[in-house]
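So the structure is just underneath, and the comments pick up after that.
Quick note: numbers below take in every heavy atom, side chains included, and nothing from hydrogens, waters or symmetry partners. Convention: sequence-line order gives letters A, B, ...; per-chain numbering from 1. Since we're looking at a predicted model, the values are computed, not measured.
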There are 2 protein chains.
Amino acid sequence: MAETTETGLPRAVAIAWGMQEVPQRGPNRGLSHERIVAAAIEIADAQGLSAVTMQAVATSLGFTTMSLYRYVSGKDELLRLMQDAAIAVPEKVSLPGDWREALRVWAGLVRDAFRGHPWVLGIPRGQVSVLMPNSVRVADLGLAALRDLPLDDEEKIGVILTVSQYVTSTVELELSLADEGTVAVTQEGLDLLGQVVTPDRYPHLAPVLMAGNYLETQPVAPGADEGIDTEYEFGLELIISGLEQRVRGEPARGAGDIA
Amino acid sequence: MAETTETGLPRAVAIAWGMQEVPQRGPNRGLSHERIVAAAIEIADAQGLSAVTMQAVATSLGFTTMSLYRYVSGKDELLRLMQDAAIAVPEKVSLPGDWREALRVWAGLVRDAFRGHPWVLGIPRGQVSVLMPNSVRVADLGLAALRDLPLDDEEKIGVILTVSQYVTSTVELELSLADEGTVAVTQEGLDLLGQVVTPDRYPHLAPVLMAGNYLETQPVAPGADEGIDTEYEFGLELIISGLEQRVRGEPARGAGDIA
DNA sequence: ACACTCGGTGTATGACATACACAGATTCGC
DNA sequence: GCGAATCTGTGTATGTCATACACCGAGTGT
């Protein structure tokens, strides 16, 4: 993790917060971090993360590949900037007073953010990520949602962490299922699988699998898979009601000490 | 998603289940899928996923790069085989009768599996992944744990999905924090961040950040970060007690329809 | 005016995945 | 047992990427 010169902050963090001193003595700059990141995001949105190459970004801006390196130290840094820039949350957010409702709204914000730029999930989150502007914003909103909850700060952080992990996992699942509406296995393949996934070896799963309740053998119409939404809510409500019970004075099994 | 010739199964699935007919007419094979995957896993364990190149795997086996392509159609297929082979679960697993306890044990199994080979998290999970042997095994065990729970199959699938998502997210978090014990930001950097993360812009997070409760500025001794464990249990108990409340007859907000 | 610094560019390098064609081995049909 | 078909392992070649390096010319501070 490259530290920015002088200050004790990673370069990507400094750049994202606009704390990177702009050089004075050279020619005028033809590009900016913002334009580069925006171009990269546009490519990722259109053609996926794998299409984001230094060359693609540069030529889409009308510059040469190497010019980008005057702004970012390498591709990793660019990816980190994209990762944060892509999950912007609306300027104005009004959270309901009730923490349950507020948490649902907040989770929805996070979910929408990731669903809007699903490739973000393909970029590993590091220690640096949480220091980026939008991550900070989201975390702040999350704490705001839990304002009235009788938990200490560390526990609240634990909660928003758990929820956001859950949300992103759900989006990831949704993606892997959608995947161009492709189907991994046909009915014929399923039958074949039945030869090895036998009820005696997998007593609990085999029946479900054979009944066709475990995976699709038909292409899912895009958007028509409302199962995802109900699944999402199912899990979220699980967490919320668990939390409800927790603050109601249930014996605490674990208190979060978050790093 | 390459389908296996003839059958309606993806090649990786057929291979993993040993359903790939072995050719008869050629010279004897010097390698096997098992050996290749094992070698690749060994490299990943030792030097991370990025060190797994076709060349590295091949030379570690004393063969040339291209020889691997006689066994796997490409790197993707190899990765998928690794992904499944690495998360093996003990042969004999005894799950407690009480579903709460059983679910804890099951979650622990999943957690241990991923912690043993953390690089697995770096391989995207696709539709194919759930059809691989160990995934099937884990799913079966999950359903076994929930045996006595008054939910239908689809809901149970939803539960084990939620739990395994949660567990993997936790492991991922743990990793990003550990990351060689590196610290992303020094105390000096934290002070600098205070110039932009101000209490008026981030009223809820800023105090937490400045208090040092949001991230570490000291290297975490490996293994000494017990905060992770309590955090893990915290979230898991959240889900479990949510589930408890759910089956106790709470109004269902969502019923899972899992693909 | 001069030296210093910086931006954009061209070229070069090295890592990787993978296509292709070849030579020898093995087995099948007869 | 023999020839054809098929498969294995290999060497070579290609295309994609990220990125190091050195150059030129544009601005800036003195």
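- In this structure, the CG atom of L49(A) is 13 Å from the P atom of dC17(D), given to the nearest Å.
- Comparing atom distances between the Y71(A) side chain and each of dG7(C), dT9(C), dT19(D) picks out dG7(C) as nearest.
- In this structure, E21(B) places its CD atom 18 Å from P of dT27(C), rounding to the nearest Å.
- Look at T64(A) and you'll find a side-chain N or O under 4.0 angstrom from OP1 or OP2 of dT9(C).
- If you check every strand for non-hydrogen atoms under 4.0 Å, M66(B) touches a base.
- Residue L61(B) contributes atom CG, which lies 11 Å from atom P of dG9(D) at whole-angstrom precision.
- Rounded to whole angstrom, the span from the NZ atom of K75(B) across to the P atom of dA15(C) amounts to 15 Å.
- Taken to the nearest 0.5 Å, the OH atom of Y71(A) stands 14.0 Å off from the CD atom of E77(A).
- Y69(A) comes within contact range of at least one nucleobase, with a heavy-atom separation under 4.0 Å.
- As a whole-Å value, the separation of E77(A) CD from dA18(D) P is 15 Å.
- The base of dG9(D) is paired with the side chain of R70(B) by a donor and an acceptor separated by under 3.5 Å.
- Minimum atom distance to the side chain of T65(A) is reached by dT19(D), of the listed dG9(D), dT18(C), dT19(D).
- Residue S50(B) is the one, among S50(B) and Q24(B), whose nearest nucleotide of DNA chain C lies closer to the 5' end (criterion: closest heavy atom).
- Along DNA chain D, the nucleotide closest to M54(A) and the one closest to L68(B) are compared, and the more 5′ of them pairs with L68(B).
- Per the geometry, CZ belonging to F63(B) stands 11 Å off C1' belonging to dT10(D), to the nearest Å.
- Residues L78(A) and I36(A) form a side-chain contact, since some pair of their non-hydrogen atoms from C-beta on lies under 4.5 Å apart.
- Atom CG in D76(A) sits roughly 7 Å away from atom P in dT19(D) (whole-Å rounding).
- Between Y166(B) and Y232(B), the ring planes lie parallel to each other; the angle is under 30°, not in the 30° to 60° tilted range.
- The CD1 atom of I228(B) sits 8.5 Å away from atom CZ of R115(B), with the distance rounded to the nearest 0.5 Å.
- Of the inter-residue distances, the one linking Q165(B) atom CD with Q165(A) atom CD reads 11.0 Å to the nearest 0.5 angstrom.
- As rounded to whole Å, 10 Å separates atom C1' of dT27(C) from atom CG of N28(B).
- The nucleotide whose nearest atom lies closest to any side-chain atom of T53(A) is, among dT28(D), dG7(C), dA18(D), dA18(D).
- Annotation: of the two residues near DNA chain C, R25(B) and Q55(B), the 5′-most nearest-nucleotide partner is Q55(B).
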